[in-house]
2 protein chains.
Amino acid sequence: MDLNERKLKILQAIIHDFVTTAEPVGSRTLSKKYELGVSPATIRNEMSDLEDMGYLTHPHTSAGRVPSQKAYRLYVNDLMSKYEIPQAEKNAIADELYSNITELDQTIEHAAKILSDITNLTSFAMTPKKDQDVLKFINLLPVDEKTIVLMIVSESGKVSNMTLKLRQGYDEESLSVLSKNMTYAYKGKTISEALTLDIVDTVHNDVSAMNTLKNSVMPSFMKTLEDMLNVNLYMDGLTNIFSIPEYNDIDRAKMFMELIDKKEDFTKTLIQRDDGLLITIGTENDDESMKECSMITATYHVDGKLVGKLGVIGPTRMKYSEISSVIEFLTDNLSNAYRLTGGDDDDDY
Amino acid sequence: MDLNERKLKILQAIIHDFVTTAEPVGSRTLSKKYELGVSPATIRNEMSDLEDMGYLTHPHTSAGRVPSQKAYRLYVNDLMSKYEIPQAEKNAIADELYSNITELDQTIEHAAKILSDITNLTSFAMTPKKDQDVLKFINLLPVDEKTIVLMIVSESGKVSNMTLKLRQGYDEESLSVLSKNMTYAYKGKTISEALTLDIVDTVHNDVSAMNTLKNSVMPSFMKTLEDMLNVNLYMDGLTNIFSIPEYNDIDRAKMFMELIDKKEDFTKTLIQRDDGLLITIGTENDDESMKECSMITATYHVDGKLVGKLGVIGPTRMKYSEISSVIEFLTDNLSNAYRLTGGDDDDDY
DNA sequence: TGTTAGCACTCACTTAATCAGAGTGCTAAC
DNA sequence: GTTAGCACTCTGATTAAGTGAGTGCTAACA
């Protein structure tokens, strides 16, 4: 029994119908709605074959057929045609995306919102991993008697700072020298590298006062570096799931919410995913609680290097083609906006 | 018909029972569970009176009674005794709160988590309003040829910055002078005041190069000031509502989620609330979609000045006494931790 | 040999009916 | 004023019957 053209056509029709209606699709409906050129009886025979081959399932004897995970995978790999976003919609999305492009984080958050609005699913967007971000300089600024501000600037334009309360006073001269020493020691290192550097060897000096100062500053410096590595995860469209028939059951809705609510776990899952456009269906997801969900993600780049992710999660029944296109369009635009300069230019779209 | 002592006792028992069981409470249950010293029949008569007076309602003829909003208000105002948190629990909460006290934002987020864990409700915590925060100094730092970092430090220890890409180069001398001028002009002003200052009058100079520089910097400066005014709202325990009988219905759950999901509106509602411990029950909440919820909030202070808020939202049936105590305990501890120094001391608890 | 019409059969879902249980409200006695 | 007794009400659970969408098989047809 092979997957001839008619079977594929029928399977595609079933997927299309089920994705839009969320109802198991029967042979009569199929023959009425789609131009298949054969009678319901014939379709029934083919459907029966498709079920034997594992592409369809049967909720119960007298219900229509539902595509299996295997069917979706076949569809995504071979059957699905690339969805071309209408130019008008492209413009609308781009306008919306660029309407508020100041800080990277805000833009990313905004992108998630746009994505959930378009797809009516739950969307998420992760700020870039910064482990490969390169340190540019370190500055220690006097604030008052016992307070200084530690500031770390990286190549990507990211500025992190921390206010430090010292146990004792300091002199500005030492502060300035320490800044220079630290910059000298860490400049050009990635954050990951900086975190593993042995401090004692790199920032050395003899003056005792400065040594004290250094000792107060270093732990905060390390802490700030660690903070810089944290990625932010923005989510949007959480309430969209209440409009999805699959989650009309309170227990399922709860399970979904709990999955989403554990942001840290979810971020980890996200980080581990391969780069590029990636569609995972049902049990293809590692996470047990996601075995009835599908996830589509894509990566965007900042300065052509740092990598962030963007995507949606929903029931396996989703419009893979449309959604993939939208996600790719968004990541392309993000990468473009943050190509070199950091996104303050508004003349490159 | 007056609210004699027995009526109050019965009302209190009904509230207590309903708050814990979520089931309408009948006269027999009441007489069995509570030492009221009278028969169910008598209780029935009193209940009937209480209903006439508007303190109880009747879901249907043959159901038990349910406290009305008026009853909860009476309870909160007059009947409720102050709940003393057991010392062991106090210690546990304090330990948990102080276990991770670095940045204010993180602590606030953590406080929300603690609160939702204890109350099994949805909690929220707002970072302080910064409009009364006073500017301390402004710094412009050279990064590279056409890039500078704008940095604003305020009295509260808050440091904000923005990376600026200039259209043309600059010289460090001008940058330094401009920093000093701006600091001179804005130091001691609150953020609100700074935003209304007329720039032209305050930062004046003749050198054309510097003028250009100033013109590039000022919009970003204003933007950064505005950003500083934004408060963050952290929420936690969203999925808790799925365990609450009142929200066992998918539509109610959805309504609740949508209410919560509109973070901006919710933040506004929160900002408008009076300071101090505040309990609003049902229709006492301005928001239409909250007319079946109660909200308890309290304020904490940073440096004895800046004001943030913390609280829970849930069904009108909640443990007002316990929850109020926990919220007060948390805000007291927060205010204490950020009394003067900014929370880096870990020796004041 | 593939396709189709016809028909019996299955199963979920809906509506109606019955029943048990919890609770009230009234009355009359204490 | 309090209480026991009892009829009455209403909900929620359970059961039964009916409906309809859909399948799967068989036999006829091209």
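Each chain gets a letter, A, B and so on, in the order its sequence line appears, and its residues count up from 1.
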Any side-chain heavy atom of A/Met80 within less than 4.5 Å of one from A/Gln12? no
Do B/Phe124 and B/Leu310 come close enough that some side-chain heavy atom pair is under 4.5 Å? no
Checking side-chain hydrogen bond (donor to acceptor under 3.5 Å, both in side chains) for the pair B/Ser325/B/Glu84: CA distance, chi angles, key distance, verdict? CA-CA 7 Å; B/Ser325 293; B/Glu84 276 298 331; over 6 Å; no
Once Watson-Crick and G-U wobble pairs under 3.5 Å are found, how is DNA chain C written in dot-bracket notation, 5' to 3', with | for any base paired to another strand? ||||||||||||||||||||||||||||||
Taking side chain as C-beta onward, heavy atoms only, is B/Lys33 less than 4.5 Å from B/Thr21? yes
With a sphere of 6.0 Å drawn around CD of B/Glu264, does it hold more than 12 non-hydrogen atoms of other residues, nucleotides or ligands? no
To check you understand the geometry: which heavy-atom pair defines the closest contact between B/Ile15 and B/Ala71, and what is its length? CD1-O, 3.8 Å
Under 3.5 Å, side-chain donor or acceptor atoms of residues 239-251 of chain B against the rest of the protein: list the pairs with distances, not counting sequence neighbours.
residue  : atom : partner  : partner atom : Å
B/Asn240 : ND2  : B/Ser116 : O            : 3.4
B/Asn240 : ND2  : B/Leu121 : O            : 3.0
B/Glu246 : OE1  : B/Arg317 : NE           : 3.4
B/Glu246 : OE1  : B/Arg317 : NH2          : 2.9
B/Glu246 : OE2  : B/Arg317 : NE           : 2.6
B/Asp249 : OD2  : B/Arg252 : N            : 3.4

Spatial distance of atom CG (B/Asp261) from atom CE (B/Met235) [nearest 0.5 Å]: 9.0 Å
Go through residues 58-71 of chain B and report each residue with a non-hydrogen atom lying under 4.0 Å from DNA chain D, sorted by number. B/His60, B/Thr61, B/Ser62
How many angstroms lie between atom OG of B/Ser294 and atom CD1 of B/Ile281, to the nearest 0.5 angstrom? 5.0 Å
What do you reckon, is NE2 of A/His58 surrounded by more than 12 foreign heavy atoms closer than 6.0 Å? yes
Can you pull every protein N or O that's under 3.5 Å from an N or O on nucleotides 1-4 of chain C?
residue : atom : partner : partner atom : Å
C/dT3   : OP1  : A/Arg6  : NH1          : 2.6
C/dT3   : OP2  : A/Arg6  : NH2          : 2.8
C/dT4   : OP2  : A/Ser39 : N            : 3.0
C/dT4   : OP2  : A/Ser39 : OG           : 3.4
C/dT4   : OP2  : A/Thr42 : OG1          : 2.4
C/dT4   : O5'  : A/Ser39 : OG           : 3.4

Residues within residues 15-26 of chain A bordering DNA chain C, heavy-atom distance below 4.0 Å: none
Using whole Å, report how far CE of B/Met47 lies from C1' of C/dG23. 9 Å
Start with the C-alpha distance between B/Thr299 and B/Arg273, add both sets of side-chain angles, then the distance that settles side-chain hydrogen bond (donor to acceptor under 3.5 Å, both in side chains), and finish with yes or no. CA-CA 10 Å; B/Thr299 42; B/Arg273 284 172 79 84; over 6 Å; no
Neighbour count >12 (heavy atoms, 6.0 Å) for atom NZ, B/Lys70: yes
Worked check of side-chain hydrogen bond (donor to acceptor under 3.5 Å, both in side chains) between A/Asp236 and A/Ser123: CA-CA 5 Å; A/Asp236 212 304; A/Ser123 70; 5.6 Å; no
Crowded around A/Arg28 CZ? As in, over 12 foreign heavy atoms under 6.0 Å? no
Interface limits on DNA chain D, where chain B has a heavy atom under 4.0 Å of a nucleotide atom: D/dT2 to D/dT11
B/Asp286, CG atom: more than 12 neighbouring heavy atoms under 6.0 Å: no
